[in-house]
Amino acid sequence: MNTSGRRFGTQGQVSRRRLLKGGLAGLAAAALGNWPQRLGAAQAPAVLRGSALSILQGTYFIPAAQDLYKQQAQAWGKANGVTVTADFLNWPDLQPKIAAGVEAGGVDIVELWPSWNWLYRQNLVDLTDLAEAIGKRNEGYEPYVLNSARVDGRYLGIPHGQSNDSINYRISWFKDAGVANAADGRRLDMTWDEYHAVAKKCKTGGHPFGQALGHSTGDPPNFCYAYMWAYGAMEVDKDGKTVRFNPSEFEDGMRRFIQAWNVGYDETGTSWDDSSNNRAFLAGQIASTLNGSSIYSVAKKDQPAVAQDMNHMLIPKGPAGRFYWLGTRTFAIVKNSKNIPAAKAFLEWWFEDPQYGAWFHLQEGYQLQATIKYAKDPMWEKDPKMTVFRDQPKYGRDLGYAGPPNDRASLAYSKYIVVDTFARAVQSGDAKEAIAWGTEQLKRVYA
């Protein structure tokens with residue numbers, strides 16, 4: 001596939017980031033106090049003094065965390081005599097820039113999104129020893145990391161986690177729908193049928209659920225892949241070839257979803273992108289949606305009444321269980337880097353507790369932990385409305401599950417095959433035809 005052609009939705013990411021900007025600015029300075037004393041702990045060899053190191057990653061939804069990372073990188077560079085530049089690109093621009101760097105050079109450390117480690121596997125430095133050491137000292141990696149970070153058993157980057165995602169809902173409207181314990185999302189454990197029964201009641205009361213099913217790279221696949229797995233379907237089996245998209249359980253689940261869509265959802269969601277449900281929730285137009293905690297972060301700053309009346313719960317479960325589409329991002333080193341020793345030294349230092357911990361805590365749960373140790377962090381108990389995200393990593397699966405998250409899984413994702421199957425189903429009302437179409441499309445990809 002043309003790896004430089006992968007698309008990433010921009011409206012949702014950019015708008016959310018702007019909305020969050022400034023909300024945590026003061027915390028970055030406070031976080032800096034936790035780690036400068038450790039700058040000498042992993043100094044680069046003297047021979048690297050006078051050299052340069054270039055780091056490339058995507059922009060952050062939490063701008064203060066981005067500022068902190070840049071300050072950490074520059075402080076390490078100053079202490080070690082290395083000129084460090086850290087650039088942050090809008091999401092749609094990141095992969096083309098990485099592809100250019102892989103071909104022409106000019107960059108040393110790159111942030112890879114889930115499955116990109118497969119796409120660039122011939123061009124990345126093997127960091128297995130370092131990644132395994134980092135995982136071991138932090139009580140091992142979370143299941144979703146083990147499902148997504150390795151390429152043929154090797155770590156071609158160091159896992160740093162992923163942004164969170166779960167069910168956002170309005171407490172008062174859930175109470176009106178008869179949901180017991182609605183005020184405490186930690187006590188809610190619904191099936192998809194139970195969740196959709198609430199949707200019907202909420203829509204009757206004038207507050208439907210909202211779900212994006214358009215061509216956007218975050219919320220639509222987050223929802224559709226999770227629902228697909230919950231009803232026993234998957235792109236391919238463990239062999240990475242046999243398409244398993246059309247079991248009878250999934251056809252039944254899709255019929256249930258069509259019915260729920262008609263009676264419980266805002267039906268314009270087939271054209272929504274990653275920012276549409278955020279706006280609808282904050283405007284009081286919808287009672288629930290699958291999203292990260294960015295809605296809550298914005299509400300705390302700009303709409304405290306909404307923040308007080310909302311909470312989060314784990315994604316519902318189906319006959320096959322509970323699942324999240326979740327793969328880790330990694331920091332990798334490109335093989336054509338002219339400063340691989342410095343890149344390794346920086347990553348080794350940055351993943352120590354004082355640096356990584358400050359960066360992790362600053363995001364207050366928006367960044368999911370990569371290792372089990374950080375699942376036990378007291379931070380998760382500070383705000384009960386954020387606690388459920390701590391458990392999300394237990395249920396993570398990546399693209400292509402039960403096969404590997406390889407280039408074919410990335411191609412199926414970039415073509416929106418699974419998402420379009422759901423959109424076709426709700427638009428036509430024909431679950432069987434939509435799934436048959438999706439099955440044929442997946443067979444072409446995985447043939």
Side-chain angles (χ1 to χ4, degrees), residues 1-3 5-6 95 112-124 126 128 131 141-157 159 162 165 217-218 220-251 253-254 315 317-330 332 370 392-422 434-447:
M1 65 176 290
N2 178 4
T3 56
R6 282 280 300 281
Q95 192 179 21
L112 299 179
W113 290 49
S115 79
W116 292 5
N117 48 353
W118 284 85
L119 296 179
Y120 300 112
R121 59 188 179 275
Q122 303 300 328
N123 307 101
L124 303 174
D126 190 338
T128 300
Y141 287 113
E142 288 277 14
Y144 82 99
V145 174
L146 298 176
N147 290 333
S148 63
R150 292 173 294 190
V151 177
D152 295 328
R154 299 177 300 153
Y155 286 94
L156 302 181
Q162 179 62 292
D165 191 60
T217 58
N222 274 327
F223 181 92
C224 296
Y225 278 77
Y227 191 93
M228 167 187 71
W229 291 324
Y231 278 90
M234 55 193 71
E235 293 167 80
V236 286
D237 213 331
K238 293 180 180 180
D239 61 9
K241 299 178 182 179
T242 306
V243 173
R244 289 275 309 278
F245 194 62
N246 58 350
S248 59
E249 295 84 356
F250 183 41
E251 186 176 326
M254 186 65 82
I315 198 169
K317 56 192 175 186
R322 173 179 282 120
F323 299 92
Y324 285 84
W325 170 44
L326 187 61
T328 185
R329 300 183 207 176
T330 59
Q392 181 185 345
K394 299 176 183 178
Y395 307 105
R397 301 290 185 271
D398 206 356
L399 301 174
Y401 174 77
N406 57 20
D407 48 358
R408 294 185 181 186
S410 297
L411 179 59
Y413 165 81
S414 69
K415 288 178 173 289
Y416 295 99
I417 293 173
V418 176
V419 172
D420 283 350
T421 298
F422 279 74
I435 292 173
W437 174 86
T439 299
E440 181 59 31
Q441 299 303 309
L442 288 172
K443 285 181 177 178
R444 294 178 185 179
V445 169
Y446 285 98

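Nothing fancy with the numbering, it's 1 onward along the sequence.
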With sequence neighbours excluded, residues passing side-chain hydrogen bond (donor to acceptor under 3.5 Å, both in side chains) with [X]:
{"X": "Asp239", "value": "Thr242"}
{"X": "Trp118", "value": "none"}
{"X": "Tyr324", "value": "Ser166"}
{"X": "Gln392", "value": "none"}

For [Y], does its backbone N or O pair with a side-chain atom of [X] as donor and acceptor, under 3.5 Å?
{"X": "Tyr141", "Y": "Ala131", "answer": "yes"}
{"X": "Asp237", "Y": "Arg244", "answer": "no"}
{"X": "Tyr413", "Y": "Gly400", "answer": "no"}

Looking at [atom1] of [X] and [atom2] of [Y], how far apart are the two atoms once the value is rounded to the nearest 0.5 Å?
{"X": "Asp152", "Y": "Asn406", "atom1": "CG", "atom2": "CG", "answer": "9.5 Å"}
{"X": "Asn222", "Y": "Leu326", "atom1": "CG", "atom2": "CG", "answer": "8.5 Å"}
{"X": "Trp116", "Y": "Leu124", "atom1": "CH2", "atom2": "CG", "answer": "12.0 Å"}
{"X": "Ser410", "Y": "Gln95", "atom1": "OG", "atom2": "CD", "answer": "8.0 Å"}
{"X": "Leu156", "Y": "Thr330", "atom1": "CG", "atom2": "OG1", "answer": "8.0 Å"}

Query - Qualifying side-chain hydrogen bond (donor to acceptor under 3.5 Å, both in side chains) pairs, either residue in residues 434-447, two or more places apart - result: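 Sorted pair list: Glu235-Tyr446.
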Sub-4.5 Å side-chain heavy-atom contact between [X] and [Y]:
{"X": "Pro159", "Y": "Arg329", "value": "no"}
{"X": "Met228", "Y": "Phe323", "value": "no"}
{"X": "Ser148", "Y": "Pro114", "value": "no"}

Report task. Given side-chain contact (heavy atoms from CB on, under 4.5 Å), test Arg121 with Asp407 step by step and report yes or no. Result -> CA-CA 10 Å; Arg121 59 188 179 275; Asp407 48 358; 4.2 Å; yes
Contact summary for [X] and [Y], nearest pair of heavy atoms:
{"X": "Cys224", "Y": "Val419", "answer": "SG-CA, 4.0 Å"}
{"X": "Arg397", "Y": "Lys394", "answer": "NH1-O, 4.4 Å"}
{"X": "Gly396", "Y": "Tyr144", "answer": "CA-CB, 3.8 Å"}
{"X": "Gly321", "Y": "Ala230", "answer": "O-CB, 3.6 Å"}
{"X": "Ala332", "Y": "Leu112", "answer": "CB-CD1, 3.6 Å"}
{"X": "Phe245", "Y": "Ala233", "answer": "O-CB, 3.8 Å"}

Query - Thr421 vs Met254, side-chain contact (heavy atoms from CB on, under 4.5 Å): CA-CA, chis, key distance, verdict - result: CA-CA 10 Å; Thr421 298; Met254 186 65 82; 4.1 Å; yes
**Report entry** Cation-aromatic face contact Arg322/Tyr395, 6.0 Å, 45 degrees
**Finding:**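 Yes; both conditions hold, so Arg322 lies above the ring face of Tyr395.
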Query raised in the report: Among all residues two or more places apart in sequence or in another chain, which pass the side-chain contact (heavy atoms from CB on, under 4.5 Å) test with Ala402?
Result: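 Here the qualifying residues are Met234, Lys238.
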Query raised in the report: Where does the angle between the aromatic ring planes of Phe223 and Phe422 fall among parallel (under 30°), tilted (30 to 60°) and perpendicular (over 60°)?
Result: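 Ring orientation, 0 to 90° scale: perpendicular.
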Query raised in the report: Which class fits the ring pair Tyr401 and Trp229: parallel under 30°, tilted 30 to 60°, perpendicular over 60°?
Result: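 Correct class here is perpendicular.
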Report task. Determine, step by step, whether Trp325 and Leu399 satisfy the side-chain contact (heavy atoms from CB on, under 4.5 Å) criterion, reporting the C-alpha distance in whole Å, the side-chain angles of both residues, the deciding distance to 0.1 Å, and the verdict. Result -> CA-CA 7 Å; Trp325 170 44; Leu399 301 174; 3.3 Å; yes
